[in-house]
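Throughout, a chain's letter reflects where its sequence line sits, starting with A, and its residues are numbered from 1.
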Amino acid sequence: MGIVKQVKPLIVKALKDLYGHDSQEADLTINITKPEFEGDYTLVLFSFVKVLKKSPEQLGNEIGEYLVGRHGELFTAFNVIKGFLNLTIADAYWKGFLQSAFNDKNLGHKKPLEKTVIVEYSSPNTNKPLHLGHLRNNFLGWSVAQLLKTSGYDVVKTAILNDRGIHICKSMVAWQRFANGATPDSTGIKGDHFVGDYYVMFGTEHKKEMEKLIADGMSKEDAEKNAPIMKAAQGMLLDWEKGDPEVRTLWQKMNSWVYEGFNETYAKIGSDFDKNYFESETYLLGKEFVEEGLKKGVFYKKEDGSVWIDLTAEGLDEKLVLRKDGTSVYITQDLGLAEEKFQEFHYDQSIYVIADEQNYHMKVLKLILQKLGKPYADGIYHLSYGLVELPSGRMKTREGTVVDADDLIEELKKVAREKTEELGKVKDFNPGELNELYETIALGALKFFLLRVDPKKKMVFNPEDSIDFHGFTGPFIQFIHARIKSILRKESPDHIGGKANGQLLPKEKELIVLLEQYSTIIEQACQDHNPSLVAIYAYDVAKTFSSFYTDHSVLNAESEQKKQLRLQISALTGNVIAGSMSLLGIRVPERM
RNA sequence: GGUCCGGUAGCUCAGUUGAAUAGAGCAACUGCCUUCUAAGCAGUAGGUCAUUGGUUUGAAUCCAAUCCGGAUCACCA
């Protein structure tokens with residue numbers, strides 16, 4: 001339990017004992033004490049001034065006296081400045097924490113809660129390779145799942161593969177026309193890129209045909225629909241829906257190429273799923289909801305046969321749930337999939353990692369399920385994240401500004417290699433070890449870059465900044481980890497753990513205070529579904545250690561006791577960094 | 001037009017359940033490698049927290065209005 005959580009009830013009791021005042025822990029504002037003042041944690045007094053009719057100085061002094069007097073083992077000193085009561089926590093507490101934590105392999109992990117959470121993420125279309133936007137989605141989903149697991153939830157990671165529809169038909173038509181039977185094997189092109197190339201070819205050809213039609217006097221809109229290649233794609237979609245064997249075979253073949261490519265990329269970035277759903281298998285789901293909704297009077301039918309829900313009372317619009325031809329729309333499928341997932345996993349919470357473009361859609365989904373009285377409706381949570389933009393604005397397929405995931409990772413690996421060779425610190429590594437290191441650094445840089453920003457906010461990806469390995473980056477944190485390991489390697493493990501007496505120096509204490517917050521940070525990040533809190537924290541820890549160990553030698557400490565203390569601090573820092581980074585899906589090297 | 005989200009240093013971002021003099025990194029400038037790895041450390045400089053008004057002992061944070069940017073409101077997914 002964090003120190004702040006221990007302190008709060010004591011202050012609540014102090015207010016009761018001293019003034020007969022009833023308060024809640026939530027009423028207390030306790031912050032870390034600013035470095036320019038003496039103390040570790042600070043109670044803000046202003047809110048009690050009016051109720052208790054005392055000056056802040058008087059309040060601070062009385063509460064401070066009470067705490068130091070009654071709980072001297074925890075509080076050793078206090079001071080009051082303006083409306084702030086600065087409390088000094090006993091060195092014994094910090095050292096006790098250090099002693100119990102530095103070798104704890106389970107630090108930050110919680111006991112099982114016996115609650116199931118589904119995290120759906122990634123969810124790509126199967127007509128082109130993964131890009132930078134997918135990476136943010138994947139890293140976020142994976143990390144949130146990891147945070148939930150650590151916090152004691154049973155987590156099921158799922159993806160929905162959008163494997164049917166006009167987009168894949170476009171790639172298929174283009175392949176028929178232009179490929180001459182070429183395959184990923186025959187060309188040596190990775191499967192998802194291979195299929196994506198035909199998607200691009202479709203676009204190029206489509207544009208050509210449109211221009212011709214427009215030159216012949218057709219309007220742009222009509223030309224778009226009437227271009228022969230577009231008609232072919234639409235025809236193919238109909239054939240697919242009819243189950244035409246030839247189309248289905250081609251469809252299966254091209255999708256299998258894509259999956260092969262995806263799997264390679266997923267393996268590289270460490271994304272994994274417990275269960276894949278395929279849109280081709282779920283797109284007909286949800287129709288029973290239409291009947292149910294009509295019966296319950298939640299939906300209504302228009303004279304043309306289409307079915308709607310009126311959400312105007314909720315400040316939204318009227319929303320179609322079934323077309324007049326009886327086919328279902330996107331939202332209908334999602335209703336069905338939510339039900340399907342519930343039947344299979346009986347989840348307490350179902351998290352959807354989807355970009356904020358779909359805020360409205362997700363709001364509607366949850367609302368409809370609530371109106372239908374589904375028991376799992378309240379557990380639906382949209383983890384909405386902002387798009388990744390380039391300095392020039394949004395990535396656009398048509399303008400060729402999409403940053404490809406595989407290319408980006410390769411580029412980062414190259415930079416990692418160049419930088420590593422330049423520094424020449426791991427000349428004794430064999431080629432396999434080197435490759436692993438480059439991958440660790442490259443992915444560390446990329447994941448950290450994408451996860452350090454609050455998911456809700458859209459972010460800008462500047463290729464030059466993002467390739468930086470200095471400062472607030474993954475590689476910096478990895479470097480500090482390697483440094484710590486290097487120090488610890490020079491001392492045999494059973495020589496760490498001796499008594500660490502003596503007064504804590506400011507930088508020693510600063511680090512321990514920070515390390516002590518680890519569990520609290522994880523809790524917060526899990527609750528907020530926000531890995532950036534962990535990323536910022538990991539950096540803070542690394543930076544603080546960096547400053548600490550340049551000032552104070554660990555192995556050549558002033559005394560054996562100091563050496564023990566610092567070895568323990570180093571071990572704990574290493575564990576906390578490794579633990580934090582693993583929550584982000586980032587590996588940390590022993591050397592770099 | 002309705003709804004929602006955002007605007008903090010030149011750039012990228014923290015800080016937004018109200019609290020002390022608004023913080024990092026990058027870029028710029030100064031120092032520091034014979035001592036645990038310089039992917040580092042220490043420091044300098046850089047701010048009308050979009051604007052205006054309000055609430056409050058106290059506002060980047062809450063409220064209102066305005067300006068700017070984005071998303072969304074399809075018988076698309």
Considering only atom C1', compute the distance from C68(B) to A50(B) and round it to an integer number of Å. 8 Å
Give Gln478(A) one of three labels, base, sugar-phosphate or nothing, depending on what nucleic acid heavy atoms sit under 4.0 Å from its own. nothing
Quiz item: cation-pi between Arg452(A) and Phe472(A), 6.0 Å / 45°: yes
Within the 4.0 Å heavy-atom criterion, would you say Asn86(A) contacts the bases, only the backbone, or no part of the nucleic acid? base
Should the pair Arg164(A)-Glu279(A) be classified as a salt bridge under the 4.0 Å nitrogen-to-oxygen rule? yes
What does Ala355(A) touch in the nucleic acid at a heavy-atom separation under 4.0 angstrom: a base, only the sugar-phosphate, or nothing? nothing
Short side-chain N/O contact from Lys427(A) to OP1 or OP2 of U37(B), under 4.0 Å: no
Round to the nearest Å and state the distance from His552(A) atom NE2 to C36(B) atom P. 17 Å
Ignoring backbone atoms, establish whether Lys50(A) has a side-chain N or O less than 4.0 Å from OP1 or OP2 of U57(B). yes
Tell me, which stems hold RNA chain B, with a stem being 3 or more Watson-Crick or G-U pairs in a row and both distances under 3.5 Å? B:1-7 with B:67-73, B:10-13 with B:23-26, B:28-32 with B:40-44, B:50-54 with B:62-66
Determine the contact category for Val44(A): base if any of its heavy atoms lies under 4.0 Å from a base atom, sugar-phosphate if only primed atoms, P, OP1 or OP2 are that close, otherwise nothing. base
Hey, can you tell me if Tyr518(A) and Tyr537(A) have their rings parallel, tilted or perpendicular (30° and 60° cut-offs)? parallel
Can you confirm if the aromatic rings of Trp251(A) and Phe278(A) lie within a centre distance of less than 6.0 Å? no
Would you call Glu558(A) and Lys563(A) a salt bridge, using N to O less than 4.0 angstrom? no
Send over the distance from Asn530(A) CG to U16(B) C1', rounded to a whole Å. 13 Å
Between Phe548(A) and Phe545(A) (judged by ring centroids, cut-off 6.0 Å), do the two rings come close enough to count as a pair? yes
Between G15(B), A20(B), C36(B), which nucleotide has the shortest distance from any of its atoms to the side chain of Val554(A)? C36(B)
Minimum-distance nucleotide to Tyr330(A) side chain [options: U56(B), C13(B), A77(B)]: A77(B)
Between Ser328(A) and Ser547(A), name the one whose nearest nucleotide on RNA chain B is closer to the 5' end. Ser547(A)
Give His481(A) one of three labels, base, sugar-phosphate or nothing, depending on what nucleic acid heavy atoms sit under 4.0 Å from its own. nothing
Would you say the base of C41(B) and the side-chain of Ser546(A) have a donor-acceptor pair closer than 3.5 Å? no
Does Ile441(A) reach a base, just sugar-phosphate, or nothing at all? Heavy atoms under 4.0 Å. base
According to the 5.5 Å centroid and 30° plane-angle thresholds, does Phe84(A) stack upon the nucleobase of A19(B)? no
Which part of the nucleic acid, if any, lies within reach of Leu555(A) when heavy atoms closer than 4.0 Å are counted: base, sugar-phosphate only, or nothing? base
Give Lys419(A) one of three labels, base, sugar-phosphate or nothing, depending on what nucleic acid heavy atoms sit under 4.0 Å from its own. base
Nearest-Å distance for atom pair CZ/C1', residues Phe48(A) and U57(B): 15 Å
Ring of Tyr352(A), cation from Lys341(A) - is the NZ or CZ under 6.0 Å from the centre and inside 45° of the axis? yes
Send over the distance from Phe469(A) CZ to A38(B) P, rounded to a whole Å. 19 Å
cation_pi(Lys301(A), Trp308(A)) dist<6.0 Å, angle<=45: no
Please list, chain by chain and in numerical order, all residues satisfying side chain to side chain donor-acceptor pair (under 3.5 Å) with Asn127(A), sequence neighbours excluded. none
Distance criterion of 3.5 Å, no angle test: do you see the side chain of Thr42(A) paired donor-to-acceptor with the base of A20(B)? yes
Output, in order, the C-alpha distance, side-chain angles, deciding distance and verdict of side-chain hydrogen bond (donor to acceptor under 3.5 Å, both in side chains) for Asp40(A) and Thr88(A). CA-CA 5 Å; Asp40(A) 301 323; Thr88(A) 302; 5.1 Å; no
What does Phe476(A) touch in the nucleic acid at a heavy-atom separation under 4.0 angstrom: a base, only the sugar-phosphate, or nothing? sugar-phosphate
Using a 4.0 Å heavy-atom cut-off across all strands, classify Lys324(A) as base, sugar-phosphate, or nothing. base
Side chain of Leu320(A): nearest nucleotide among C75(B), U57(B), A14(B)? C75(B)
Taking the side chain of Ser486(A) as heavy atoms from C-beta outward, which of A20(B), C36(B), G70(B) is closest to it? C36(B)
Please determine whether a side-chain nitrogen or oxygen atom of Lys456(A) lies at a distance below 4.0 Å from atom OP1 or OP2 of G70(B). no
Closest listed nucleotide, where the reference is the side chain of Ser47(A) and the choices are A19(B), A14(B), C76(B): A19(B)
Determine the sole option in Glu560(A), Gln561(A), Lys562(A) for which the side chain to side chain donor-acceptor pair (under 3.5 Å) test with Gln564(A) is passed. Glu560(A)
So, is Arg164(A) close to the C76(B) phosphate, meaning a side-chain N or O under 4.0 Å from OP1 or OP2? no
Tell me: CZ of Phe448(A) to C1' of U12(B), nearest whole Å? 13 Å
Of the candidate nucleotides G70(B), C75(B), G40(B), which contains the atom at the shortest distance from the side chain of Trp308(A)? C75(B)
Which is true for Arg591(A) with a 4.0 Å heavy-atom rule: it touches a base, it touches only sugar-phosphate, or it touches nothing? base
Asn462(A) CG - C11(B) P separation (whole Å): 12 Å
Earlier contact from the 5' end, RNA chain B, for Ser532(A) and Pro475(A): Ser532(A)
Please determine whether a side-chain nitrogen of the Lys or Arg among Glu357(A) and Arg394(A) lies less than 4.0 Å from a carboxylate oxygen of the Asp or Glu. yes
Assigned chi class of C33(B) under the 90° convention is syn
Does the base of A74(B) carry an N or O that pairs as donor and acceptor with the side chain of Asp317(A) under 3.5 Å? no
In whole angstrom, what separates Tyr360(A)'s OH from U72(B)'s P? 13 Å
Looking only at side-chain atoms of Arg483(A), point me to the closest of G15(B), A77(B), A38(B). A38(B)
For Phe476(A) and His470(A), I'd like to know if the aromatic rings sit close, meaning centre-to-centre distance below 6.0 Å. no
In whole angstroms, the gap separating P of U37(B) from OH of Tyr549(A) amounts to 8 Å
Under-3.5 Å N/O pairs linking protein and nucleotides 22-29 of chain B:
residue	atom	partner	partner atom	Å
G25(B)	O2'	Phe472(A)	N	3.3

Will you find, in the side chains of Lys507(A) and Ser547(A), an N or O donor that is under 3.5 Å from an N or O acceptor? yes
Looking at Arg323(A), I'd like to know whether one of its side-chain N or O atoms comes within less than 4.0 Å of OP1 or OP2 on C76(B). yes
Just to be sure I understand the rule, does Asp454(A) reach a base, reach only the sugar-phosphate, or reach nothing, if contact means heavy atoms closer than 4.0 Å? sugar-phosphate
Give the nucleotide from the list C36(B), C13(B), A71(B) with an atom nearest to the side chain of Met459(A). C13(B)
Side-chain atoms of Ser553(A) come closest, of C75(B), C36(B), C13(B), to C36(B)
Let's see if you can work this out: which of C36(B), U16(B), U72(B) has an atom nearest to the side-chain heavy atoms of Lys457(A)? U16(B)
